[in-house]
Amino acid sequence: MTARIFPFVFLALFTIAPPPSHAQAERTSPNDSRTLQLVDSLKDVIRRWENNRTVNAQLLNQLRDLVRLYDWPWRVRLLFDDFRDGDYTRNPTWVVRGGEYSAGRGFGLRTVMSSNSVAQPPADRRRELTPVDIIGGILKGIAEPGGATTPLKDAPSTAEISTAVAIGNAFAIRVRMLSQEKPVTGARLEFGPYRGNGREWGYRLAYNPGQRPSFEILRLSPGRSSVVETYDVFAELEDSRVHEVEWRRDREGSMSVFLDGREIIRTVDRGITEFFDGFAIVNLGGDYTFEQIEIFGAER
């Protein structure tokens, strides 16, 4: 009797949500409410039948696979911003912690950091500096003609922006972004959830343009960061196209990263079990525009 029920279950699921193509494997929209309702019903069926020895084990495993394929446990939208209003200072409120960010109607949130941001002495005086000048400049500032002393101004080495938002331990972060130029060596973009006012605890997903690994998942703690997993393949996003990056984490610490619908990283990390206080973007070099940012959380 039980075995005869399964074909109808499969048919119902495929009718509501056809199997995704290879390029969209393991991809589900959180707005597909009918599919999610059916998935929740199938979860109840699985729980009732797991200890029933009369149920065909192979069919039950196939049903579990279907649930994993179509499930979207991150049902609560925590943050959405497409920057269409041209104002990142409200609704939601973003705070610039360093460098410069700009938002304009129709083009998103842009951040630019280049090698020219590094503080250097004036070009017409570089050849005149002696070792004594360099040491003196480091300690007291660079000496100008006439005996005046001008301190060397610190240029920002990163451009950081963040927004306060309560994020649970299970989250899904989806960004649509454009990397707009061939950046300098060492260019890097990081974003992710953080804990604390100093933003020293949390996770970040890093993109390294033109380098390997191209993507890294990092776990942050005060004064250090640990690499959790990498995508050790070149991912050239500098093609004048908007790309979608999606980063998922469930309550058990399983994490996946998708680039344009294709899974590129899968790993597990339980190093941080607490909730998060906000979301930060850090530009360490390059020209990036965020067209849209969404964060989802799981129902408690």
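Numbers here are sequence positions counted from 1. Quick caveat: nothing in here was measured; it's all calculated off a predicted structure. All values below come from the heavy atoms of this structure, side chains included, with hydrogens, waters and symmetry mates left out.
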Applying side-chain contact (heavy atoms from CB on, under 4.5 Å) between Tyr101 and each of Val95, Val96, Val112, report the one that passes.
-> Val96

Shared hydrophobic cluster for Phe215 and Ile281 (ILVMFWY, side-chain gaps under 4.5 Å) | yes

What do the steps show when you test Arg176 against Asp82 for salt bridge (charged side-chain N to carboxylate O under 4.0 Å, His left out), and what is the final call?
-> CA-CA 9 Å; Arg176 291 177 54 81; Asp82 59 7; over 6 Å; no

To the nearest 0.5 Å, what is the distance between CZ (Arg266) and OG (Ser256)?
-> 5.0 Å

Same apolar cluster: Phe83 and Leu78, side chain cutoff 4.5 Å | yes

For the hydrophobic clusters of this structure (ILVMFWY residues joined by side-chain heavy atoms under 4.5 Å, transitively), does one cluster hold both Val165 and Leu109?
-> yes

Where is the tightest heavy-atom contact between Ile272 and Tyr203, given as atom of each residue plus distance?
-> N-OH, 3.3 Å

Got more than 12 heavy atoms from elsewhere within 6.0 Å of CD, Gln58?
-> no

With Asp250 via side chain to side chain donor-acceptor pair (under 3.5 Å) - residues at least two apart | none

Counting heavy atoms not belonging to Asn91, are there more than 12 under 6.0 Å from its CG?
-> no

Return the minimal non-hydrogen interatomic distance between Thr163 and Pro92, and the atom names on each side.
-> OG1-CB, 4.1 Å

Does the side-chain contact (heavy atoms from CB on, under 4.5 Å) test come out yes or no for Phe279 and Ile295, once each step is laid out?
-> CA-CA 9 Å; Phe279 175 78; Ile295 302 177; 3.7 Å; yes

Just wondering, do Met255 and Arg248 contact through their side chains at under 4.5 Å, heavy atoms?
-> no

Roughly how far, to the nearest 0.5 Å, is the CG atom of Asp287 from the OG atom of Ser179?
-> 7.5 Å

CD (Glu100) with more than 12 external heavy atoms under 6.0 Å = no

With sequence neighbours left out, the residues meeting ring-ring contact (aromatic ring centres under 6.0 Å, His included) with Phe290 are none

Quick one: are Val227 and Leu218 in side-chain contact, heavy atoms under 4.5 Å?
-> yes

Residues at least two apart in sequence or cross-chain that pass ring-ring contact (aromatic ring centres under 6.0 Å, His included) with Tyr88, listed by chain then number, are none

Any side-chain heavy-atom pair of Gln292 and Val242 under 4.5 Å | no

Applied to residues 87-98, the salt bridge (charged side-chain N to carboxylate O under 4.0 Å, His left out) test, sequence neighbours excluded, yields Asp87-Arg90

Quick one: which residue pairs count as a ring-ring contact (aromatic ring centres under 6.0 Å, His included) with a foot in residues 220-250, not counting sequence neighbours?
-> Phe171-Trp247

Asp85/Arg105 salt bridge by N-O under 4.0 Å criterion | no

Modelled atom types, side-chain donor and acceptor of Thr289 and Gln180, under 3.5 Å = yes

Ile217 to Val257 - nearest heavy-atom pair and separation | CD1-CG2, 3.8 Å

For Val233, does its backbone N or O pair with a side-chain atom of Ser214 as donor and acceptor, under 3.5 Å?
-> yes

Side chains of residues 190-197: which donor-acceptor pairs under 3.5 Å do they make with residues two or more places apart or in other chains?
| from | atom 1 | to | atom 2 | distance (Å) |
| --- | --- | --- | --- | --- |
| Glu190 | OE1 | Arg204 | NH1 | 2.9 |
| Glu190 | OE2 | Arg188 | NE | 2.7 |
| Glu190 | OE2 | Arg188 | NH2 | 3.3 |
| Arg195 | NE | Phe275 | O | 3.4 |

Between the CZ atom in Arg219 and the CZ atom in Arg270, the distance rounded to the nearest 0.5 Å is 12.0 Å

Which heavy atom of Ser221 sits nearest a heavy atom of Trp201, and at what distance?
-> CB-CZ3, 3.9 Å

side-chain contact (heavy atoms from CB on, under 4.5 Å) evaluation trace for Arg77 with Glu294 | CA-CA 7 Å; Arg77 178 184 274 175; Glu294 292 180 284; 2.7 Å; yes

Residue from Leu237, Leu189, Leu178 passing side-chain contact (heavy atoms from CB on, under 4.5 Å) with Tyr288 | Leu189

Is the backbone of Ala170 close enough, under 3.5 Å, to the side chain of Arg249 for a donor and an acceptor to pair up by distance?
-> no

Pair Arg251-Asn169, side-chain donor/acceptor within less than 3.5 Å | no

NZ/NE/NH1/NH2 to OD/OE distance under 4.0 Å, Asp277 and Arg199 = no

Could you tell me the separation between the CG atom of Leu259 and the CD1 atom of Ile264, rounded to the nearest 0.5 Å?
-> 5.0 Å

What's the spacing between Arg110 CZ and Ser102 OG if we round to 0.5 Å?
-> 6.5 Å

Considering all heavy atoms of both residues, which atom of Ile161 and which atom of Trp94 are nearest to each other, and what is their separation?
-> CD1-CB, 3.6 Å

Same apolar cluster (I L V M F W Y, side chains within < 4.5 Å links), Val228/Val245 = yes

Should the pair Arg262-Asp260 be classified as a salt bridge under the 4.0 Å nitrogen-to-oxygen rule?
-> no

Which atoms form the tightest heavy-atom contact between Tyr207 and Met177, and what is the distance?
-> CD2-CE, 4.5 Å

Consider only side-chain N and O atoms of Glu216 and Thr230, and report whether a donor and an acceptor are under 3.5 Å apart.
-> no

Would you say Val268 and Leu205 are hydrophobically clustered, going by side-chain heavy atoms of ILVMFWY under 4.5 Å?
-> no

Here the gap from Arg224 atom CZ to Leu220 atom CG, rounded to the nearest 0.5 Å, amounts to 11.0 Å

